[in-house]
Engineer: 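If you scroll down you'll find the structure; I have some questions about it.
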Amino acid sequence: MARAPSSILIFLRQNPRARQNPNTQIRYHTTETKECDFTEVAQQICKIIRTKPRWEQTLPSEYPSFNFSDPQFFTELLKLQKNVLLSLRFFFWLRSHNGFSPDPISCKALFSALVEAKACNAAKSFLEHTSFSPEPASLESYIQCLCEGGYIQDAIDVFYRLKEAGVCPAIMTWNAALSGCLKVRRTDIIWKLYQEMIECGVVADVDVETVGYLIQAFCADNRVSEGYELLRQVLVNGLVPENAAFNTLISGFCKEKQYTRVSELLHTMIAKNCVPDNYTYQGVINWLCKKGKGLEGLRVFNDLKDRGYAPDIAMYTTMIHGLCTMGWLGEARKLWFEMIEKGYHPNEYTYNTMIHGFCKIDNFEEAKTLYKEMCNKGYKETTVSYNAMMTGLCLHGRTDEAYRLFQEMHQKGIVRDLITYNTVIQGFCKEGKIVESMNLFRELLAQGLQPSAYSYTPLIEKLCQVGAVQEAKGLWNDMKNIGLEPIVGTHDYIIIGLCDQGDAAEGMEWFIEMLNSKLKPKQDTLGILVECLTQRDRLDDSLLVLEFMFRTGYALEKGICHSLVNKLCWEDNHFVENCLGEILEGK
DNA sequence: CGGCGGGGCA
C-alpha cells in the first residue's frame, strides 16, 4: 500500500475547522502517526475543497512537506470528487505549491474528466496552462465536447492537430463536428470537413447520422433539391436517415412551394416506417396551409389534439398562420388564447403572424395593440415585424403611413430588405405614385440589393398604364439582362400599353414572342390587341390573334367583334367568309 | 439535430 503524506494529517489536526468534520476527527484520532492509503487522504481533501469555499487560504503553503506528487493520489481524488471543476482548482493549487509537478497519468485523468463533464472552457484552459498533450482518443472526445459546446473553431483546430499527427478521427467524431456546425449555422465548415472526410477515406464509414447532417446542411444553404437527391441515393443503398432529415426537407420544399416534393417525402416516410414526430406534423400542417388546404391542416391539427397529443408553440403558430391566411381571424385568435392557456407564450413568430393577420383584415387597432405587447415582452422590432405592418397598410391604400414606417426603420437602424422595398414600391405604384416608386427602386439598387422580378413588375405595369411604354421596356430589358424571368402578366401590361399608344405592330410582336415562349396572354389583353390591330387595318393579324383566342377558349367582347366584322366586310366579303370559316373549323 | 413569421398577376 502506498504511503500517505503524513503532513496532511498534521494539517488537519492543526486546522480546527477541518476538525469539526466528523470524518477528519476520526482520522485525527486514529491515524495521527500511522500510515493511511491514498483513498482516505483523498476523501479528506475532497471534503475540504467541497465544503470550504476559501480552502486555498486554509490549505496554506506553510506545509511544505505536503507530498501529493504521487499520481495515485490525484487519480484517487478525481474518482471521489464528483465536481470536476473543484478538482481542477485543486490541481492548479497543487501545482503552484509544494513543487507538485503534474504527472501524465493525473493529467490524463483530469482532462478526461473535464471532457466527460462537457466542461469545454475548463478543458481548454487546462490544455493552455499545462504542457499536457492528450493522446488521439482523448482529443477525439475533446472535439465532441467542443462541438457540443458550440466551440467549432477550437474543434477544427484539434481536427488539424490530429491530421498533422496522421490520425483520421472516427466517424462519430466527424458526426459530432457536423452537428456542431449545423447548430451554429456554419455550413461552410461542413463542406470543408466533408472534403477532409473524403481525403482521409472516412467517407466509407458514413452512416445515417452523417447523411442526416449533410441533408440538413444542403437545406440550410437553400440547396434543398441537392439534399433530396442525396436522400434518394442513400435510400437506394438501403439507408434510412432519421426523421430530422425528412423534416428539414419537408420544410425546405414547403418554403420553395414545391408541394409535390413534400407529398413525395411524406409517402417515403410512410413507406420506410418512419414514425412522424412533432416536426413532421408541423411540416404537414404547414404544407397543407401553404397550398391552400388550410381546412385539411386544421383537421390534422384537431385530430392530433383529439388523440391527446399536445401541439407545441411552433405547431400553434403554424395553425394560427394558416387560419389568418384563410381570413379566419376569430378562429386564429381562439387558438392564440388556447395556446396561452396551455402555457405556451407567443414568441416572435406568433406575434408577427397574428399582427400580420390583423393587418390583412384592416384591423390596425388590434394589430398595433399586439405590436406594443410584443415590444413590452422584450421582443425586438425587426425587419419582419415592420414588413408585416407595412404590407397591411399598403394593402388597404395607406401607403403614406407605410412610407412613414419605412423611414422610421432607417432611423431606428432596422435593416430594410428586398421585401421592404418591394412592398412600398408596389404600394406606391398601386396609388399611381410612379415617381416615388422609381425613386425607391433606384434606392433599392443603390443599397446593393438584388431586385427580384417583383421589384420590376409593378413599375412596368404602371409605366405602361400612364403611356410611358418606352421606360417600361427599358426596365424590362434591365430585368432580362440580369437574368430575371418576368412574372406572368408582365407581357400583357406591355402589349396593352403599346395598344393604348396605337402601336399595333409592336403589340403583335410581343404577342408572337409570348407564343414562342409558350406563355398565355390574358383574354382582355388579346381583346385589346385585336381592337388595335383592327383599327390599324391589320386584319390578317387580327384574325391570327382571334384564331388563337378561340382555340384557347377565349371570347371576344361584342363591341370589338363588331368593329372587326365591319372592317372585314368593308374590305372583302369573300375573304371574310374564308377566314371565319377556317377559324370556326379549327374550333 | 430541427419546425413556426413579412411579398408575389387576377
Side-chain angles (χ1 to χ4, degrees), chain A residues 147-148 175-176 178-185 208-217 219-220 241-252 254-255 257 276-287 289-290 311-322 324-325 339 344 346-357 359-360 374 379 381-395 402 405 414 416-427 430 452-458 460-461 486-493 519-525:
Chain A
C147 289
E148 277 174 44
N175 283 345
L178 296 177
S179 160
C181 290
L182 267 181
K183 256 187 251 160
V184 294
R185 308 209 166 272
V208 275
E209 205 183 324
T210 324
V211 170
Y213 296 136
L214 292 177
I215 289 175
Q216 289 184 63
C219 292
E242 287 171 49
N243 278 8
F246 284 98
N247 296 339
T248 314
L249 287 169
I250 287 174
S251 129
C254 208
K255 261 191 214 108
K257 301 186 184 173
D277 55 22
N278 279 18
Y279 297 92
T280 321
Y281 284 123
Q282 189 273 330
V284 168
I285 295 169
N286 197 20
W287 162 59
C289 291
K290 290 278 162 64
D312 61 12
I313 181 91
M315 233 185 274
Y316 268 104
T317 306
T318 306
M319 201 57 249
I320 288 171
H321 182 247
C324 285
T325 308
M339 182 185 84
Y344 294 113
N347 60 22
E348 212 180 318
Y349 293 92
T350 329
Y351 272 113
N352 283 325
T353 297
M354 202 70 232
I355 288 167
H356 188 237
C359 286
K360 272 196 299 203
M374 176 182 79
Y379 294 110
E381 294 186 286
T382 59
T383 307
V384 173
S385 74
Y386 263 96
N387 287 352
M389 290 295 284
M390 286 159 69
T391 49
L393 289 166
C394 287
L395 191 65
L405 292 184
I414 295 166
R416 296 183 293 199
D417 66 4
L418 184 63
I419 295 176
T420 319
Y421 277 96
N422 284 0
T423 301
V424 190
I425 288 172
Q426 194 192 29
K430 222 169 60 185
S452 64
Y454 289 94
S455 318
Y456 288 93
T457 312
I460 292 173
E461 179 186 9
I487 54 169
V488 184
T490 319
H491 284 84
D492 293 75
Y493 299 134
L519 292 172
K520 195 169 127 190
K522 288 176 198 164
Q523 173 173 291
D524 289 351
T525 310

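The chains referred to below are lettered A, B, ... by the order of the sequence lines, with proteins before strands, and numbering in each begins at 1.
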Engineer: Touch check for A:Thr248, heavy atoms < 4.0 angstrom, all strands: base, sugar-phosphate only, or nothing?
Structural biologist: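 The answer is nothing, as A:Thr248 stays clear of every strand by at least 4.0 Å.
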Engineer: Assess the residue pair A:Lys290 and A:His321 against the criterion (side chain to side chain contact (heavy atoms under 4.5 Å, CB included)); give the C-alpha distance rounded to whole Å, side-chain angles, the decisive distance to 0.1 Å, and a yes or no.
Structural biologist: CA-CA 9 Å; A:Lys290 290 278 162 64; A:His321 182 247; 3.8 Å; yes
Engineer: Please classify the nucleic acid contact of A:Ser179 as base, sugar-phosphate, or nothing, using heavy-atom distances under 4.0 Å.
Structural biologist: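 Touches nothing.
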Engineer: Between the side chains of A:Thr317 and A:Thr350, is a donor N or O closer than 3.5 angstrom to an acceptor N or O?
Structural biologist: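 A pair is found: one side chain offers a donor N or O, the other an acceptor, under 3.5 Å apart.
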Engineer: Atom CD1 of A:Ile250 and atom P of B:dG2: how far apart are they, to the nearest Å?
Structural biologist: 17 Å
Engineer: Counting the atoms with a prime plus P, OP1 and OP2 as sugar-phosphate, which does A:Thr383 contact under 4.0 Å by heavy atoms, base, sugar-phosphate, or nothing?
Structural biologist: base
Engineer: Between B:dG5, B:dG2, B:dC4, which nucleotide has the shortest distance from any of its atoms to the side chain of A:Asp277?
Structural biologist: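 Within the option list, the nearest is B:dG2.
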Engineer: To the nearest Å, give me how far apart NE2 (A:His321) and C1' (B:dG3) are.
Structural biologist: 14 Å
Engineer: Atom pairs, N/O to N/O, protein against nucleotides 7-10 of chain B, distance under 3.5 Å?
Structural biologist:
from	atom 1	to	atom 2	distance (Å)
B:dG7	OP1	A:His356	NE2	2.9
B:dG7	N2	A:Asn422	ND2	2.4

Engineer: Atom CE of A:Met315 to atom P of B:dC4: distance rounded to whole Å?
Structural biologist: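 It works out to 12 Å between those atoms.
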Engineer: Mark yes when over 12 heavy atoms from residues, nucleotides or ligands other than A:Lys520 sit less than 6.0 Å from its NZ; otherwise mark no.
Structural biologist: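 Atom NZ in A:Lys520 is not packed in, count stays at 12 or less.
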Engineer: Determine: side-chain N/O of A:Lys255 to OP1/OP2 of B:dG3, distance under 4.0 Å, yes or no.
Structural biologist: no
Engineer: With a centroid cutoff of 5.5 Å and a plane-angle limit of 30°, would you call A:Tyr279 stacked on B:dG2?
Structural biologist: yes
Engineer: Calculate the interatomic distance between A:Met389 atom CE and B:dG5 atom C1'; express it in whole Å.
Structural biologist: 14 Å
Engineer: Regarding A:Thr210 and A:Asn175, do their side chains bring together a donor and an acceptor under 3.5 Å, going by distance alone?
Structural biologist: yes
